[in-house]
Amino acid sequence: MPACDPYIPALMPGTATDPIDDPAPTAAQSTPPATTGGKPAGRGAARADAKGDAKAGQKGGDKAGEKAGEKAGERAGDKPKPSSAVARLAKLGLRRPVDLVLHLPLRYEDETTLEPIRDAIRRAGMGLAAQVEGEVVSNEVTFRPRRQLVVKIADETGELTLRFINFYGSQTKQMAEGVRLRVRGEIRGGFFGAEMVHPTVRPITPDEPLPDRLTPVYPATAGISQAYLRKAIGGAMSRTPMPETLPQAILRGPLAPLKLTPLIDCLRLLHNPPPQESEAALADRSHPAWVRIKFDELLAQQISLRRSQAARKEKNAPSMPRRADGLLTRFLAALPFRLTGAQQRVVEEIAADMALPHPMHRLLQGDVGSGKTIVAALAACQAIDAGYQAALMAPTEILAEQHYRKLSAWLEPLGVPVAWLAGSLKTKAKREAVARAESGEARLVIGTHALIQDGVKFANLGLAVVDEQHRFGVAQRLALRGKAAEGDAPAPVDEKVPHQLMMSATPIPRTLAMTYYADLDVSVIDELPPGRTPIVTRLVNDARRDEVIERVHHAAAEGRQVYWVCPLIEESEALQLQTAVETFETLVAALPDLRVGLVHGRLPPAEKAAVMDDFSANRLQVLVATTVIEVGVDVPNASLMVIEHAERFGLAQLHQLRGRVGRGSAESVCLLMYQAPLSPTARERLATMRETTDGFEIARRDLQIRGPGEFLGARQSGEAMLRFADLETDAWLVDYAQEAAEQMLDRFPEAVEAHLLRWLGGREHFLKA
């Protein structure tokens, strides 16, 4: 085995998927070849770690990630302590040699050319990087206005100042007078002329050749410099076999139109592209090499989703055929309204799934106010009719309690015991609810995260319903499903898992449905109940606050109720609370003849419930609230919604908040108050809210503006299943990936295993819930 390169994690004999071992330190570590302005890696990394690593993903936050690596690695050759190198690589998801090979550049720097100092200075202030060479003509440490190292280099055309605010003594020796330096950075006009601040510096010999390839810049983290990553990745590339995982029959068959380049050639090109390659195509990832990378990643995802779906169909679940004379029939007969056509269709889809002997895994999506709760209640009735329990878990106590009140009012008159379980319950009440669930007395149990605590057991759980599913992590959703196997009786050989119904008022755009959610059966309620009136949305400058308050007074005088939502302040819950209290006091003073209430996340649950009861019963005309009312509040008499600082909210949240009104027959209005000037993104969001109330159109635009995180929640949970493919621009590849996935699963099982191991490496569990 070759000697261990100090920059390269040692590769033990074995496969590309073996873990990265920590390399032993060698003497070579003490002679760094280059420096990038800043502090040395050891102390700089420690300080950066104290502040929290600025980790960059393969796509978002590009510059933050690369700068974290550059600044922490003061001298490009400086290497983190061996004990911490592997841990820091792991923060980037680099645990195996193959992970290093697939750690692809964010961008490139062209270090293949030099320009005279005079020509570079002419472009000062244009924001462009320049690379020059020169001999050090002066080197001094100055103390005004602060301690700094000032180095001047010169060539035959001119002189350039290099300024280092953070530096150590070793750097002054490295850039001593007479040394020839090759420097790269942005030239700016300084107080004493043109200068580079903290450039990348490399001492060179007079005849040292230039690189013949573009220099990659990788996603990094504090304590891992770009030079370290380049060496580590170069070593992994030379030592890691990357055989083709796509069978020739697939490449020449369904994938023939793509004309895919061999993967190893694509990887070599992306890590070391020659200067004649199109920088634009590399930057926007339209280059054929990027197409191959993105296709392979999408293929791994599609294979994994199909395997996940097939594995669920192999599991046993209780078969729950609908009874003609059972609880479900009596429940429907007792309802004071008729289901919409969309609700009836969805109920039939769910009923058919629950009659099968393998677990349902269905996503029910419907816009705000479309009637998802009644569909969940009917599914619970089918499970209870079959002799099983049902559980419904919601992300907030307000939403969970709203479900409990509504469902218990519907079901308890029909003889169905319903239990309520939340963290705020007193010990005695909580103990009683847990006992009712464990004994089987409670046929339907509704609650928050308290449902998945260790002490909670079910006698025979047959249906798990998760509302606002994107707000729960994978582990939480799996934990609720796992409650079926926690009873006292020994687990049978053919252990059954419950059916699972996930609900979301955030519609899933088609591109997400084809990728992240391709393993789910999806039901859509695309029709609102009759009698609902469209909501009129208007944008109002904050300067017109007095007019808005007058509008509130007018609505209340007509017998209507009003929500006033206070701004989202992510940095400080206390500041958000303060804003809500101040708004409450302002409205109380401005509207002395109205009753104004206040609800926020820090209110004790009993007080919160009392305020919500008063508002529901029209004992309060105006409710000042933080975003705790985003979901789960249903007051048909409320017809005016005021959202302060609407520019601070995301599209999905604005749509959810707006959905609190428009639930009755009166015309409803949503006023989005904003503070000028608006950023382009905020302007786009507010324009979308004004133009449409269609949740699917809003979701599509939200995906364009913000990416998939809002929809996926914890499904990508810190280690995204897609690092390279972009759902908006690369959707055209999904159809090819789906067809290739089906054929590989049918005909090439060994290639499937190799492909998944390479691209997912154990991350398939993120798709299980």
Side-chain angles (χ1 to χ4, degrees), residues 372-373 376-377 379-380 383-384 388-409 411-412 416-488 497-504 573 599-613 627-633 713-714 717 769:
K372 295 182 295 296
T373 306
I384 294 165
Y388 290 89
Q389 292 170 289
L392 191 159
M393 183 168 70
T396 67
E397 199 155 306
I398 282 185
L399 177 55
E401 188 170 3
Q402 181 85 17
H403 283 318
Y404 170 68
R405 291 184 179 206
K406 190 175 286 187
L407 292 174
S408 59
L411 295 174
E412 287 189 339
V416 178
V418 182
W420 159 245
L421 186 58
S424 65
L425 286 179
K426 293 185 178 177
T427 304
K428 182 180 178 183
K430 190 182 295 184
R431 192 182 302 122
E432 289 174 356
V434 169
R436 293 178 67 201
E438 188 170 359
S439 69
E441 178 200 342
R443 307 311 297 162
L444 173 60
V445 184
I446 299 170
T448 57
H449 303 74
L451 285 180
I452 55 176
Q453 290 175 347
D454 289 341
V456 180
K457 296 179 182 178
F458 289 82
N460 56 346
L461 182 63
L463 173 67
V465 182
V466 181
D467 196 10
E468 292 300 311
Q469 57 85 27
H470 63 286
R471 295 188 172 203
F472 289 101
V474 172
Q476 293 169 321
R477 282 179 264 163
L478 289 175
L480 179 59
R481 197 169 73 190
K483 288 293 176 181
E486 289 187 2
D488 291 330
V497 299
H499 297 284
Q500 188 165 18
L501 177 64
M502 293 170 287
M503 304 195 297
S504 176
E573 187 181 346
V599 65
H600 53 76
R602 290 191 177 183
L603 272 185
E607 289 184 38
K608 196 185 302 179
V611 174
M612 296 308 300
D613 284 344
T627 51
V628 295
I629 61 131
E630 180 186 342
V631 289
V633 179
S717 195

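Just so you know, residue 1 is the first one in the sequence shown, and it goes up from there.
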>> Give me the atom names and distance for the closest heavy-atom approach of Ala442 to Ala437.
In response: CB-N, 4.3 Å
> Is there a donor-acceptor pair closer than 3.5 Å between any side-chain N or O of Gln389 and the backbone N or O of Asn460?
Replying inline: yes
>> Leu407 vs Leu392, test: side-chain contact (heavy atoms from CB on, under 4.5 Å). Steps then yes/no.
In response: CA-CA 10 Å; Leu407 292 174; Leu392 191 159; 3.9 Å; yes
>> Would Val445 and Phe458 count as a side-chain contact (heavy atoms from CB on, under 4.5 Å) here? Give the steps.
In response: CA-CA 9 Å; Val445 184; Phe458 289 82; 3.7 Å; yes
>> Evaluate His403 against Asp467 for side-chain contact (heavy atoms from CB on, under 4.5 Å), listing each step before the verdict.
In response: CA-CA 10 Å; His403 283 318; Asp467 196 10; 2.7 Å; yes
>> Please give me the minimum heavy-atom distance between His449 and Met393, naming the atom from each residue.
In response: CA-SD, 4.3 Å
> Between Leu444 and Leu411, is a side-chain contact (heavy atoms from CB on, under 4.5 Å) present by the stated rule, with each step listed?
Replying inline: CA-CA 9 Å; Leu444 173 60; Leu411 295 174; 3.7 Å; yes
Check: residues 424-436 side-chain donor-acceptor pairs under 3.5 Å, at least two apart:
from: Ser424; atom 1: OG; to: Glu397; atom 2: OE1; distance (Å): 3.3
from: Ser424; atom 1: OG; to: Glu397; atom 2: OE2; distance (Å): 2.3
from: Lys430; atom 1: NZ; to: Gly423; atom 2: O; distance (Å): 3.4
from: Arg436; atom 1: NE; to: Glu441; atom 2: OE2; distance (Å): 3.4

>> Just verifying a value: how many Å separate Leu463 CG and Gln500 CD, rounded to the nearest 0.5 Å?
In response: 9.0 Å
>> Under a 3.5 Å distance rule, please check whether Arg443 uses its side chain to pair with a backbone N or O of Val418 as donor and acceptor.
In response: no
> At what distance, to the nearest 0.5 angstrom, does CG of Leu421 lie from OG1 of Thr448?
Replying inline: 7.0 Å
> Got a second to check how far Met612's CE is from Gln402's CD, nearest 0.5 Å?
Replying inline: 7.5 Å
>> How close do Ala379 and Leu501 get, counting heavy atoms only, and between which atoms?
In response: CB-CD2, 4.4 Å
>> Less than 4.0 angstrom from a charged side-chain N to a carboxylate O is my criterion; do Lys608 and Asp613 meet it?
In response: no
